[in-house]
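Before any comments, here is the structure.
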Amino acid sequence: MFQIVYPQVLISSLPLTITCMEYESNKLFVGTADGSILVWDIEDEPSFKIDLTSVAKQFGKKPIQQLVYLPVSRSLVVVKDDVVLCDTSLSAITHLEFKNHRLISRGRPSTVDTLFVSFKRKIVQYQVSSAQVSELRTFTLMGTPLTLHHLSNQLVFGSSKSVYSLDLITGSSKSLFTNNELGYLQFIQQSKYPHLTATLNDSTCLVSVGKELYKLDLVSFQSQKLFEWEEQPSCIYGQDYYCLGFTDSKIYIKSLKTGSLLQKLDFEKISFSVAQFCLIANDQSLWRLLPVDFDDQIDDLLLKNRFDDATQFIEELDFESEQDKQHNIIKVKGMYAQFLFKIERKFEKAIEILEDLNASPLDVLDLYPDLEEIQEREALYALSLYLARERTRLSKYRNKQTQRRVSISYADISDQPMLSDALYLSELVDTTLLRVYVQMQSPLLGSLLRVENYCHKETCEQELKKHSKIKELLDFYKTRGLHQQALEYLKLDTRQTIQYLVPFDIDSNLELVFEYSKKCFEETSEALDIFTENQIGQQSRVPIFEFLDQLKPDLAKQYLEYLVFELHDETLEINNVLLFRYLDAYKESSRAQDKLISFIHENTFYDHETALERLPKDDLLEERAYVLSLLNRHKEALEILVSLCAFAKAEHYCEQHHSLESAESKRVYDDLLSIYVAKDRDLEDNLHFMNKYGRFLDCIQSLNYLPQSVHLSQVKPFLIKSINNIGSQNKEQEILLNILRTLVLVSKGNLFVKQKTSVALDEDSMCAICLKRISSTIFTLLSDGKICHTYCIARKG
């Protein structure tokens, strides 16, 4: 619980019995059982002081029942068996004719003093001026008042049956709160203090029925149950956010918002109280309840490390603005996080509290003033988790701010400071996370440096070098694009330089690679992995070959083979260079010659004319014939094969390359026969060739090659195949001609059908393209039935 009020002793061990009291303008009036009235002056500034200034005994011997102070006329109403009016000096007594009165209450402060005196089922309003009391109005009531409050133009009073509102202008009264609505009829009839009331403002009052407290809206006449008292009070008093309930020996102070018990005060006995002035008394003593300053109360709770109570207390209070309340809550929770971290060593919970408050990373890092001195792994682990989460949040924020900057005009730069702040925090968070990972020896260090990060460059280098984190340092350089620094750091270590360059973006840093890989190639052929284990663009391949060719021609050749045979590079220049390298080395070994032959026959991406020029004319004749075949120079290729007496290969060559689609391929058999005849080949062999391939030979030309002495029977197979070939060609031509005739007839039929189509046009017929009337212009009917202007179709293409 909290300390909302502080009971200050005003009077103690008074030899007289206190029966009533009144307080106004720093004057305390106390009525006693022997009819005396005692007056004390109370001063609070500069220090508390209370002095008995006067004692009046002229009011008789009977107990004083009630004292009512009237501030305008500065007079005092004294109630005994009779009622008298006197000034504050307790002289000039005037007797008032109030017979059988039940309750006397003063009106709200105004230019004149007003008294409301309740009798059985009526209230009389009096005006007091210059010791004169005059009756203004009499109001008939629906019940007998037990409590009475003046609110602007109405009176609110509680009775044993309900709470009533009395309109002072019209004189009408209305029941605001019935027993049936409360469901307490039987209980209230037995209650000692039914329908206690207290006002909060001109439109709201509190009603206590038994142990239950209700809030009553005097505008909408809606009631709301707030809470239940621990025991039934004899008097209640409402403040902005709490309500006091007075019993015979206790005072309960409860929150109007949550109904929670804020404070409980115990006394041996409470005879009576003046709730609106928070005065309580028993027979011989009197106390004043002083409100405790809220700020002092909060500070006291914080000093006692009662952070939850401080937060709850702030929630109960009403501040000038919601922002002020939240500021105080954040302050308390921030101090609680500090307490958890530094005293209870609950690191994760402390950081979570700050995170829930949307605290800046600067506030969280204040928990770690000297990071290197932190030895508790749990503290470092909690910080690493927080920083990882904060990295994600900052990344999303940066992306959002960047998108905003793209969408706004150049003149609108209001969000630039926010983006710069985010970049500063990103650098702080990432650098701190790196230091934490290094200190924890965390395997996550590498993953942090291999992705985009905002680590401070100098700090990162210093930390990683200090702890010999070479691989991580290289990852940092690579991620940041600081390749020259990385390679400069590795230049004495060939193997690590190769490892760094293997997954490197060579296309974008070609000159840098050449600079720092030169030493590697001079020391080991494994350096070729830099180019062969990497994805390299087409534009970089020739410069790489030229670089290698200057250093190590053998490695340059290996690189060309890698491009051609593994990457299947189709670039003419690369394939030509590799062919030339093979031609230069084919005499060195049979393996080199095999490579050349295989390359010529299996690769088609080199320049054939250039290859023909570079091939030796007295060697590699079959390869030369193959290149000639690729150039469709079949007769030259056949001449080479025949010169090598490779007749079977020559005839196989004809079988491979004969085709009716080109003139060169169509004549390969005729060319071979003419070469046979020119070479004076044996007649029997020529006749055998003619009889075997007769259907592919020109009949007349082939017969002209034969001497006159050849018998007809020797060329009979040739003639039969030739005649059959001519016949099949004629049949094919006839079939093709019939097909074409059929197609012509079908086309004519389709055209006839189209020409028979009729179209009805009227004045409203529209062009499907320009949506204008067809009118008398030339039109075209489309295949889908739409009509268009002919020039619209031409214009549309």
Side-chain angles (χ1 to χ4, degrees), residues 66 68 98 100-128 135-185 187-189 191-227 229 232-240 243-245 256 274-276:
Q66 185 180 1
V68 179
F98 295 161
N100 300 320
H101 67 276
R102 298 295 181 90
L103 184 64
I104 297 178
S105 176
R106 74 182 181 192
R108 295 186 61 178
S110 181
T111 57
V112 294
D113 289 322
T114 305
L115 277 179
F116 293 94
V117 183
S118 71
F119 301 89
K120 185 176 182 179
R121 293 189 175 274
K122 73 174 182 178
I123 290 179
V124 180
Q125 181 181 7
Y126 295 92
Q127 179 176 306
V128 181
E135 182 178 333
L136 295 180
R137 296 187 64 178
T138 300
F139 304 96
T140 302
L141 307 179
M142 301 172 66
T144 301
L146 299 176
T147 58
L148 182 62
H149 301 282
H150 181 201
L151 303 175
S152 186
N153 293 322
Q154 63 178 332
L155 287 178
V156 176
F157 61 92
S159 71
S160 61
K161 294 183 179 181
S162 182
V163 177
Y164 297 92
S165 170
L166 174 62
D167 192 316
L168 296 177
I169 298 177
T170 64
S172 61
S173 61
K174 179 177 181 179
S175 175
L176 304 178
F177 216 52
T178 66
N179 290 335
N180 291 334
E181 289 172 347
L182 295 172
Y184 275 95
L185 179 59
F187 177 80
I188 291 173
Q189 289 174 345
S191 174
K192 182 180 178 182
Y193 307 105
H195 290 95
L196 303 174
T197 60
T199 58
L200 288 178
N201 49 56
D202 283 347
S203 62
T204 309
C205 72
L206 301 174
V207 180
S208 183
V209 182
K211 289 185 177 181
E212 295 186 348
L213 185 74
Y214 293 82
K215 182 169 71 173
L216 180 61
D217 190 321
L218 299 176
V219 177
S220 64
F221 305 119
Q222 298 294 319
S223 61
Q224 175 188 359
K225 180 179 177 181
L226 299 180
F227 56 80
W229 297 103
Q232 182 174 318
S234 59
C235 178
I236 62 172
Y237 173 61
Q239 274 285 18
D240 290 337
C243 182
L244 288 79
L256 292 177
V274 181
Q276 63 267 36

Task: Main-chain N/O of Ile104 paired to Gln66 side chain as donor or acceptor, under 3.5 Å - done: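 The answer is yes, because a donor-acceptor pair under 3.5 Å joins these two groups.
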TODO: Please identify each residue that fulfils side chain to side chain contact (heavy atoms under 4.5 Å, CB included) with Ser165, with sequence neighbours left out.
DONE: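 With sequence neighbours excluded, Ser165 shows a side chain to side chain contact (heavy atoms under 4.5 Å, CB included) to Gln154, Leu176, given in chain and number order.
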Task: Counterpart residues, side chain to side chain contact (heavy atoms under 4.5 Å, CB included), relative to Thr140 (two or more places apart) - done: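 Per chain and number, Thr140 pairs via side chain to side chain contact (heavy atoms under 4.5 Å, CB included) with no residue.
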From [atom1] ([X]) to [atom2] ([Y]), nearest 0.5 Å:
X: Lys225; Y: Tyr214; atom1: NZ; atom2: OH; value: 5.0 Å
X: Ile236; Y: Leu244; atom1: CD1; atom2: CG; value: 10.0 Å
X: Phe119; Y: Leu141; atom1: CZ; atom2: CG; value: 11.0 Å
X: Lys174; Y: Asp167; atom1: NZ; atom2: CG; value: 11.5 Å

Non-hydrogen atoms of [X] and [Y] that approach each other most closely:
X: Val68; Y: Arg106; answer: CG1-CB, 3.9 Å
X: Thr138; Y: Lys122; answer: CG2-CD, 4.1 Å
X: Ser208; Y: Pro233; answer: OG-CG, 3.7 Å

Taking the side chain as every heavy atom from C-beta outward, state whether [X] and [Y] have any pair of such atoms under 4.5 Å apart.
X: Phe227; Y: Leu256; value: yes
X: Leu155; Y: Tyr164; value: no
X: Phe116; Y: Leu166; value: no

Open item on the list: Applying side-chain contact (heavy atoms from CB on, under 4.5 Å) to Leu206 and Leu226, what does each step give before you reach the verdict?
Closed with: CA-CA 9 Å; Leu206 301 174; Leu226 299 180; 4.0 Å; yes
TODO: Report the C-alpha distance between Gln125 and Thr114 in whole Å, list the side-chain angles of each, state the deciding distance to 0.1 Å, and finish with yes or no for side-chain contact (heavy atoms from CB on, under 4.5 Å).
DONE: CA-CA 7 Å; Gln125 181 181 7; Thr114 305; 3.5 Å; yes
